[in-house]
Amino acid sequence: MSQLRSRPSSSDGKEGVTIPLNIEPSQGSVMDGYAKPSNNTDINLNPLLSGAGVEDPKKDDGQGEDPADVPKVRIFGRSFNKVVLMTHFNIFLYSTAFWVQNAVFPYLSKELGADPVVFGYLQTTFALVQLAGGPLFGRFGDLFGSRLAMMLSFLAAASSYLLLGLSTNMPLLFLSRLPSVFMHAMQAGQMIVTDVCTPKQRADALGKLGLSYGIGMVVGPMMGGLVAKAFSLEKAAILACLMSLVSIGVTYIYIPTALKKSKLLSSDKDSNVFSIRKILDLMKAPGAFFLIAIKIATGTPIGIFQSMFSIVALDMFKLPAEQNSYIMSYIGIMAMIVQGVGIGIVTKKFSELNILFGSAVILLISYLMLSFVTTIWQMCFVFIPLITGLTFQNVVTTSALTHTVSDADTGAMLGLSMAVNSLIRSLSPTIGGYMLKELGFESFGYLGFVTSTAVTVVLYVKKRYEEK
């Protein structure tokens, strides 16, 4: 355990969408009042209290490899961590493959006879199996290493996309959703970055993973639309499968077998991947419940809207497959800019708490604007502040969650964080289908406005409390 010291309270803001951040010694954090527990230290601190003991930012806690111990590669005269660089490449391939199939999935399901309700069931099935697999996948990574976890995630993705490409009826289409129980490549990437980077580097490294994912989100939908138009919807799914197989090879060749310190891998006495008790104990970590509550409140409205966006684009805005793909690429470009550039700039100038509060205000305004959207051009304009606010909320909360547990349990905590997102996605299609049918498109914006207002009030009260 790092040496603990008292520090004057101050406010500070990532998936870990995310997230503790790179915090200068003079800055405070949304984690003020939280101390990262070691395997033999019991600390019970109120997440709404500041000024309690925290880790000394000048002292490494032993997590992550020494920068001198990891292989480097030089590109354009600059030195890069080879493991992190190849992880970024894998995340790019994962994102590209996912969005290739995601761009054609609504149209393929419609060809096979799925109406909006059945499409919602398909989305719910996907989210439920990911919900079940997220924490287990994290435990698997903690016990057997993030390299094997990454390979497992791409094997699951390849299986899902292959079954999708071969689907000729509705049962096969539902079956194609089941392998996604272990399709958590982004989580595996976060685990690798968490293992090889020091705590001070972690937030910036986690944020930059979103940059690689964003590039794939730009390329994937366009590639999927072009392949579907030139060949067929099924061929686009097969392409996604092949890309996932390539990533398995890349991981096997370039990612080391063991990244975590051996003492951490061997310190967990509960070696059962399916240990529910171990997963539930994560919720008791100081500050974890508060951060998860923020994730749920800010993630639910966009989850509902996102689950129905393909239907809205098809029925309300009459967009063909290729134009829908362009919209998804546009969203990807914005997310890429915010995560690759905006996160680094903003986190150096503002505290975590101020970033969370500011992004909540941005979301409040954005959702209200969404309620009055009537054209696709208006939608594209609203996406700018909406994606910005969501990205900052996601990155800040994810990074902070990894600092609420010991180094040996960061994978499981990332899995729990992913499970929250999966829980939202599992409920969103059913709720979104009902809201769209009974209340209309504008109800998505009103729901987001209400939840964002509640989060804004809570964070404002926390800010005022810490200023006293």
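Residue indices begin at 1 and follow the sequence shown. On a predicted model such as this, the values are computed, not experimentally measured, just so you know. All heavy atoms count here, side chains included; hydrogens, waters and symmetry mates do not.
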Parallel under 30°, tilted from 30 to 60°, perpendicular over 60°: which one fits the rings of [X] and [Y]?
X	Y	answer
Y213	W99	perpendicular
F105	F119	tilted
F137	F140	parallel

Min side-chain heavy-atom separation [X]-[Y] under 4.5 Å:
X	Y	answer
L447	I304	yes
T451	T300	no
L239	M223	yes
F89	Y254	no
F441	M435	no
I294	V455	yes
P221	V100	no

Exercise. Hey, what do you get for CG (L164) to CZ (R177), rounding to the nearest 0.5 Å?
Worked result: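 CZ of R177 is found 5.5 Å from CG of L164.
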Problem set entry | Q306 atom CD, over 12 foreign heavy atoms within 6.0 Å | no
For this session: Could I get the full list of side-chain hydrogen bond (donor to acceptor under 3.5 Å, both in side chains) partners for T96, not counting sequence neighbours?
Result: none
Show which side-chain atoms of residues 361-376 pair as donor or acceptor with protein atoms under 3.5 Å away, not counting sequence neighbours.
from, atom 1, to, atom 2, distance (Å)
S366, OG, I362, O, 2.7
S366, OG, L386, N, 3.4
Y367, OH, I302, N, 3.3
S371, OG, Y367, O, 3.3
S371, OG, E442, O, 3.4
S371, OG, Y446, N, 3.1
T374, OG1, Q378, OE1, 3.1
T375, OG1, Q378, N, 3.2

